[in-house]
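Written out below as structure tokens is the structure these notes cover.
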Amino acid sequence: MLLVDAAQGIEAQTLANLYLALENDLMVIPVLNKIDLPGAQPEKYAAELAHIVGGHADDVLRVSAKTGEGVEDLLDAIIDLVPAPMGDPVAAPRAMIFDSVYDSYRGVVTYVRVVDGALRPRERIRMMSTGATHELLEIGVISPEPTATEGLIAGEVGYLITGVKDVRQSRVGDTVTLVGSSATEALGGYRDPKPMVFAGLYPIDGSDYPLLRDALDKLKLNDAALVFEPESSAALGFGFRIGFLGLLHLEIVRERLEREFGLDLISTAPNVVYRVLMDDGAEHVVTNPSEFPTGKVAEVYEPVVRSTILAPTEFVGTVMELCQQRRGVLQGMDYLSEDRVELRYTLPLAEIVFDFFDQLKSRTRGYASLDYEPSGEQAADLVKVDVLLQGEKVDAFSAIVHKDKAYAYGVALTARLRELIPRQQFEVPIQAAIGSRVIARETIRAIRKDVLAKCYGGDISRKRKLLEKQKEGKKRMKMVGRVEVPQEAFIAALSTGGDASTK
């Protein structure tokens with residue numbers, strides 16, 4: 001069922017999922033919802049949907065979930081048009097896990113779709129990917145509350161409870177079969193999602209680290225795309241390096257950790273996975289800028305994405321300008337209707353993980369929508385920019401950027417750090433460097449004591465002597481002094497925008 005807002009029209013993400021459904025020969029029923037809204041334009045968007053799906057505008061169903069108008073016709077259409085499941089009810093049982101939740105009293109509740117055979121209570125089941133076996137304590141359907149039944153047969157969707165408390169035992173995409181009459185082949189069509197964007201998540205209070213680990217374990221239960229490993233930072237303490245599918249996934253996971261588990265988190269700036277080939281033939285996979293290898297680099301490969309942008313026609317110029325600034329290559333353009341256009345661009349993933357979506361929304365007054373999917377990798381002229389405080393590298397501030405933008409990035413970051421790091425008793429240089437070449441510099445001026453305050457009149461040589469003595473003292477202090485960067489400065493410089501106290 002393709003559900004589209006009658007006041008807004010189809011969005012880029014919806015369009016991407018529609019193409020996926022059409023590629024898999026699924027029956028698609030186009031539906032316009034919210035026709036009761038004052039700003040609804042059902043005729044206009046019905047014609048747009050008919051143009052995309054194929055067919056006539058009159059075939060597009062119009063419903064209002066608020067008033068109930070057209071809902072009965074929609075249910076009848078689902079019954080008439082959607083084909084029956086294709087499973088074999090007498091074959092060896094096979095069920096696909098599509099979601100799981102954690103219940104503090106009953107353990108892991110696994111949601112499955114039975115493709116072949118049947119599952120019944122008290123049978124022993126086996127997870128085909130891990131080989132783990134369990135006894136089925138309860139099996140049932142959701143209607144809409146969980147209701148225990150005598151079993152599930154081919155084509156039915158329901159839940160299983162085995163009493164298992166370990167959240168890693170139930171993986172989304174796994175195939176469930178019986179221990180006795182076991183299926184030989186797992187269900188296909190499921191691929192392990194590959195993380196595209198990496199960011200560090202650290203608890204503001206270091207004692208919350210075990211709580212964050214448990215929360216991530218529980219989130220992974222119904223989010224198979226979540227990948228994480230422990231990481232420590234000199235600036236932020238103990239945390240996790242987490243892999244996400246994209247920026248939206250990052251925001252959702254972080255929001256859930258904060259709301260559902262009551263954690264206060266710092267999120268470092270997101271970055272993508274690079275593949276670095278060295279002159280000696282060695283290959284490195286870099287998920288964190290601090291891992292970027294030193295030595296002679298032959299090639300650096302960055303991931304690229306195929307993006308789809310839907311926007312009103314009046315904003316075509318400004319959208320194209322933004323994409324070209326971000327090293328985008330135009331692949332094609334289609335007009336869905338007189339006032340809506342679809343732009344297809346190939347863009348480096350690193351260029352859209354920061355503020356691309358925000359820029360796109362602000363340039364189109366909020367009307368544009370964006371969807372992207374991975375499209376391989378490309379060689380790029382990328383460099384690692386290091387930040388040096390008084391000649392010492394601070395790994396937490398390192399970043400991998402395009403060579404053309406390295407200077408602007410270095411200037412912006414050093415200027416920001418000069419505002420954030422408190423003044424010391426001695427002068428502190430902040431430098432941005434590529435390898436051994438410094439590309440930007442700011443200086444935090446020393447706090448100076450007024451040594452001339454006690455001199456009122458008298459010979460200038462007395463004042464000069466005091467100033468020279470102070471100068472020598474500052475020089476000695478600079479040689480032995482260390483710059484302590486407060487955590488607030490790290491949080492403000494590394495967090496992904498917003499108020500540092502909440503990020």
Side-chain angles (χ1 to χ4, degrees), residues 1-11 13-37 40-91 93-99 101 109-120 138-160 172-173 175-176 187-190 222:
M1 187 171 70
L2 172 64
L3 201 62
V4 173
D5 191 322
Q8 288 185 339
I10 197 162
E11 300 270 311
Q13 294 93 334
T14 315
L15 195 64
N17 285 317
L18 169 63
Y19 289 150
L20 202 61
L22 293 172
E23 281 170 21
N24 286 280
D25 296 324
L26 296 182
M27 178 67 209
V28 176
I29 303 171
V31 184
L32 281 175
N33 189 23
K34 303 185 184 177
I35 58 169
D36 58 291
L37 289 180
Q41 297 173 282
E43 301 307 320
K44 174 185 170 184
Y45 292 123
E48 192 178 283
L49 277 184
H51 170 69
I52 296 167
V53 178
H56 199 269
D58 295 338
D59 299 334
V60 178
L61 298 173
R62 296 158 173 81
V63 302
S64 167
K66 187 176 180 181
T67 65
E69 183 185 345
V71 173
E72 202 169 311
D73 294 337
L74 173 58
L75 294 173
D76 290 337
I78 291 169
I79 293 164
D80 295 338
L81 299 173
V82 176
M86 302 290 289
D88 183 354
V90 293
R94 290 193 301 172
M96 167 79 80
I97 298 175
F98 63 87
D99 200 0
V101 292
V109 180
T110 306
Y111 295 113
V112 295
R113 173 184 169 233
V114 181
V115 177
D116 293 325
L119 295 173
R120 292 182 178 81
E138 185 178 315
I139 188 165
V141 294
I142 311 290
S143 66
E145 293 299 318
T147 307
T149 63
E150 290 302 309
L152 294 173
I153 59 170
E156 290 188 325
V157 172
Y159 68 91
L160 314 174
V172 171
T175 302
V176 178
L187 292 165
Y190 178 80
N222 62 354

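Predicted model, so just to flag it, every value in this text is computed and none were measured. Below, all heavy atoms of this structure are taken into account, side chains as well, without hydrogens, waters or symmetry copies.
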Shortest non-hydrogen pair, Val28 vs Pro30, comes out as O-CD, 3.5 Å

Under 4.5 Å between any side-chain heavy atoms of Leu2 and Thr14, yes or no? yes

Distance col, row Thr110:OG1 vs Tyr159:OH, nearest 0.5 angstrom, shows 12.0 Å

Taken in chain and number order and not counting sequence neighbours, the residues that satisfy side-chain hydrogen bond (donor to acceptor under 3.5 Å, both in side chains) with Lys44 are Asp339

All heavy atoms of Asn33 vs all of Ser64, minimum pair found to be OD1-CA, 3.8 Å

For Ala40 and Lys34, the nearest pair of non-hydrogen atoms, with its separation, is CB-O, 3.7 Å

One should read off an interatomic distance between Glu150 CD and Leu119 CG, to the nearest 0.5 angstrom, of 13.5 Å

The reported gap from CG in Asp5 to OH in Tyr45 (rounded to nearest 0.5 angstrom) is 8.5 Å

CE of Met27 to CG of Asp80, rounded to nearest 0.5 Å, is 10.0 Å

For Thr147, does its backbone N or O pair with a side-chain atom of Thr149 as donor and acceptor, under 3.5 Å? no

Taking every heavy atom of Pro93 against every heavy atom of Ala118, the minimum-distance pair comes out as CG-O, 3.5 Å

On a heavy-atom basis, the closest approach of Val157 and Val141 is O-CG1, 3.8 Å

By side-chain hydrogen bond (donor to acceptor under 3.5 Å, both in side chains), Asp116 pairs with (sequence neighbours left out) Arg94

dist Asp59:CG -> Ile29:CD1 (nearest 0.5 Å) comes out at 11.5 Å

Heavy-atom nearest pair, Ile35 first then Pro42, reads CG2-CB, 4.3 Å

Quick note, salt bridge (charged side-chain N to carboxylate O under 4.0 Å, His left out) partners involving residues 61-75, not counting sequence neighbours, are Glu43-Arg62

*Side chains of Leu74 and Met1: closer than 4.5 Å at any heavy-atom pair?*
yes

Query raised in the report: Where do Ile153 and Val114 land on the side chain to side chain contact (heavy atoms under 4.5 Å, CB included) test, with the steps shown first?
Result: CA-CA 6 Å; Ile153 59 170; Val114 181; 5.9 Å; no

